[in-house]
Amino acid sequence: MKNCPICNSVLTDRIVTPCMDCGGDEFELDHYLKHRYTKYKTYFGSLLTLCNYCETDFGSYKPTYFGFPVYKRLGIQDFNFIRELKDVKLSTDKFCLTCNQRLAFLKFTKHCRTNNLE
């Protein structure tokens, strides 16, 4: 994929942490091993890997960002634990400079928005 699924901007390559939410933030690269990373099954069957910070902060997103009604409460209570990641390492993902997110999270967002339209 060469373009962002949300805003259609050209994507760049970036070194990322396992967290699909904050993993594209270059600030996270120097201390990513201090976090715990967990894989969850979430909305509409999507898989989402989050660090311990982002899993507690996920509820701060406005539900409308993912296409949910304004009254929907987001959070870890909606997620099904799959496993904690043990072999944690950096990888490469595409990144949108406009949305300031890595492609993995942008795909998750698009999947939620699409399924909320149905």
Less than 4.5 Å apart, side chain to side chain, heavy atoms only: is that true for [X] and [Y]?
X	Y	answer
D21	Y53	no
L90	V16	no
I76	T56	no
P18	S91	no
C96	L106	yes
H35	E28	yes

> Under 3.5 Å, is there a donor-acceptor pair linking the side chains of D25 and Y32?
Replying inline: no

> Any side-chain donor-acceptor pair under 3.5 Å between T38 and R36?
Replying inline: yes

Before accepting this row, confirm whether a basic side-chain N of the pair D78/K72 lies closer than 4.0 Å to the acidic partner's carboxylate O. yes

Is any side-chain N of the basic residue among R14 and D93 closer than 4.0 Å to the acidic one's carboxylate O?
no

dist T12:OG1 -> R102:CZ (nearest 0.5 Å) comes out at 12.5 Å

(message) Tell me whether the rings of F108 and F66 are parallel (<30°), tilted (30 to 60°) or perpendicular (>60°).
(response) perpendicular

With clusters defined by side-chain heavy atoms of hydrophobic residues (ILVMFWY) lying less than 4.5 Å apart, directly or transitively, does [Y] cluster with [X]?
X	Y	result
Y61	F68	yes
F105	Y40	yes
F81	Y43	yes
L29	L85	yes
M20	L11	no

**OP:** Say whether, by atom type as modelled, one donor and one acceptor occur between the side chain of N115 and the main chain of H111 under 3.5 angstrom.
**Re:** yes

| message | Donor-acceptor pair, distance only, cut-off 3.5 Å: does the side chain of T114 make one with the backbone of K110? | response | yes

Note: G75 and F58 closest approach over all heavy atoms is N-CD2, 4.3 Å

Does NZ or CZ of R113 fall inside the cone over Y65's six-membered ring, less than 6.0 Å from its centre and within 45° of the axis? yes

- Query: Taking everything shown except I15 itself, do over 12 heavy atoms lie less than 6.0 Å from its CD1?
  - Reply: no

